[in-house]
Amino acid sequence: MATRTYTLTCLCPVHVGTGTQFSKFEGVYEGRRWHLIDLDKVLARGVNASQLATAMSNRNFLWATWLSTQRIPPADVAAYSLPCPQDPDEVAVREAMKNVHAQPYLPGTSIKGAIRTAVLWQLMTDHAPHQEFAARYVTLCVRSRDLVNEIQRRRAFDAPDTHRVVLAETLNVSQDEARRFQQTLYRILNVREDRLSDQREWRNFQQRLERLGRNREWLGQPVERAVFGRDPNHDLMRAVHVSDTQPVSIEQLAVGLVWTYTLRGHRLVEKREQDGEYKIFAEWLTPETPLRLEIGVDDFLFSEVAELELRFRGAKEQAIRQLAQTCNAYARSIIAAEQQFYNEYPMFYADREHSAIREFYAELDATINNLPDGAFLLNIGWGGGWEVKTIGDLLRNQLGEEGFNQLRQRYRLGQNPRTGQLDTAHPFPKTRHIAYEGGAPMWPLGWVKLTP
């Protein structure tokens, strides 16, 4: 195992959450700080537990009011207190990952997930057949209902020749292309063409086809299996080991405001709808926070012995061995896309154009072009957006505009919840999560630099 130690530096606010959200019934805002109340500390002050339980059973209970009547400073009974620029009030505060000593850290799974996306993007970018497989697979997911209905009508779940005809007619493709779609279909459904005459096999085919593409959260799995390996034991990312970062002091955390921005015409503005304002508060690691972690590569999995079973050598091994180049290539594609987006759709705040995000990406572009050897950029955690967590740009290019819109329609990506219609007048996604500082929008979320 070849292992290197890295310093991970937050280049902007970074939030990796626990899934827990704190309300005003669990914390107090006072003195430009947000205090998470510790019930044990409250009871240690000699408070009558029965009276407190009665007070807390009231739906209008607030710690701020109760502590004030008891003349107890919130800071004295807080599990921890964090800087917070304004009162969250009715807006929940998303908790950040911490250890049992309330020290924040970044989990290795989040960092490895970002690396995995970069490796997937690199391997697909360099290998056209992977892109073609992904495009055929997504097309089959989008049109699966039509395929099921037509095969059902013909009562032909056990007839491979009819499957090919149905694919050609339904997808409006040639017989040769229909054959490639057919091979892709059988592969992702894990059925054998030569066994479809068996009742058990064709019923498996029917059931799996009916379920194809129903769950968008699992949509990418067949693509990942095609690129990384057929199962967890044969997955390329087994070769990469990423530790959790070492914890840092609670002083490296703050509570900040994140507002969703959306397009109105050619302006990027704070999203406000009839059902309210689209903003949240989150505990985040502040910019310039340094953390340490280790990344290891299992050399044995690239040995001659392992190659007989795993087939990791070649492009796969190169993507892992040259991890910094792999991650930076993906980061550059994201940075370029975001720069283009913000140049075409300027951000407006308080009715004036606001250039802080454009300036951040210009600085990020300069940073990535001046990294020391072995250093690389990643976007991790919550708030980075759909483009950062997917290979959507490759799919968009492969499917074309019409095919990509069908994908969006099938999985309700960017669909107006009231009308059910796609917004085709704007690019997808048309929203961005923006972190505030000093009362103004200043940052995207999630960008970090790893330096060996």
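If you read the sequence from its start, that first residue is 1, and numbering goes on from there.
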- Item | Pi-cation contact, Phe312 with Arg238 (under 6.0 Å, within 45°) | no
Flag yes if more than 12 heavy atoms outside [X] fall under 6.0 Å of its [atom1] atom; otherwise flag no.
X	atom1	answer
Arg292	CZ	no
Asp351	CG	no
Arg145	CZ	no
Asn172	CG	no

- Message: Name the residue from Lys98, Gln103, Arg33 that meets the side chain to side chain donor-acceptor pair (under 3.5 Å) definition with Tyr80.
- Response: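 Single pass found, and it is Lys98.
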- Could you pull out all residues at least two apart from Phe281 that satisfy ring pair (Phe, Tyr, Trp, His ring centres under 6.0 Å)?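 Not a single residue meets the ring pair (Phe, Tyr, Trp, His ring centres under 6.0 Å) criterion with Phe281.
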Distance from [X] atom [atom1] to [Y] atom [atom2], nearest 0.5 Å?
X	Y	atom1	atom2	value
Tyr436	Leu257	OH	CG	6.5 Å
Thr286	Leu82	OG1	CG	10.5 Å
Thr289	Leu253	OG1	CG	8.0 Å
Leu268	Thr262	CG	OG1	7.5 Å

Closest approach of [X] and [Y], non-hydrogen atoms and distance?
X	Y	answer
Cys10	Leu285	SG-CB, 3.9 Å
Glu283	Ala96	OE1-N, 2.9 Å
Ala226	Phe133	CB-CE2, 3.5 Å
Asn379	Leu445	ND2-O, 3.0 Å

- Verify, without hydrogens or angle tests, whether Thr245 (side chain) and Leu291 (backbone) share a donor-acceptor contact under 3.5 angstrom.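 Between the backbone of Leu291 and the side chain of Thr245 there is no qualifying donor-acceptor contact (under 3.5 Å).
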- Task: Output yes when a side-chain donor or acceptor of Gln252 lies under 3.5 Å from a complementary backbone atom of Ser249, and no otherwise.
- Result: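 Flag not set: sc Gln252 to bb Ser249 has no pair under 3.5 Å.
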- Query: Tell me, do Asn60 and Thr65 make a side-chain contact under 4.5 Å, heavy atoms counted?
  - Reply: no
- Item | Residues Arg264, Glu273: salt bridge by 4.0 Å N-O rule | yes
- Less than 4.0 Å between a side-chain N and a carboxylate O, is that true for Glu150 and Arg143?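 Judged by the 4.0 Å cut-off on N to carboxylate O distance, Arg143 and Glu150 do not form a salt bridge.
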- Query: Mind checking whether Tyr6 and Phe376 have parallel, tilted or perpendicular rings, split at 30° and 60°?
  - Reply: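 Aromatic pair Tyr6/Phe376 classed perpendicular.
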- Going by the angle between their ring planes, with limits at 30° and 60°, are Trp443 and Phe360 parallel, tilted or perpendicular? perpendicular
- Message: Under the rule for side chain to side chain donor-acceptor pair (under 3.5 Å), what residues qualify as partners of Asp373, not counting sequence neighbours?
- Response: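 Not a single residue meets the side chain to side chain donor-acceptor pair (under 3.5 Å) criterion with Asp373.
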- Can you sort out the partners of Glu132 under salt bridge (Lys or Arg N to Asp or Glu O under 4.0 Å), two or more places apart, ordered by chain and number? none
- Could you verify whether a donor N or O on one side chain and an acceptor N or O on the other, from Asp126 and Gln122, lie under 3.5 Å apart?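 Checked: Asp126/Gln122 side chains pair up, N/O donor to acceptor below 3.5 Å.
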- Under 3.5 Å, is there a donor-acceptor pair between the Arg321 and Gln318 side chains?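 There is no such pair (donor and acceptor under 3.5 Å, judged by atom type) between the side chains of Arg321 and Gln318.
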- Item | Aromatic centroids of Tyr261 and Tyr342 separated by under 6.0 Å |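 Aromatic pair excluded; centres sit 6.0 Å or further apart.
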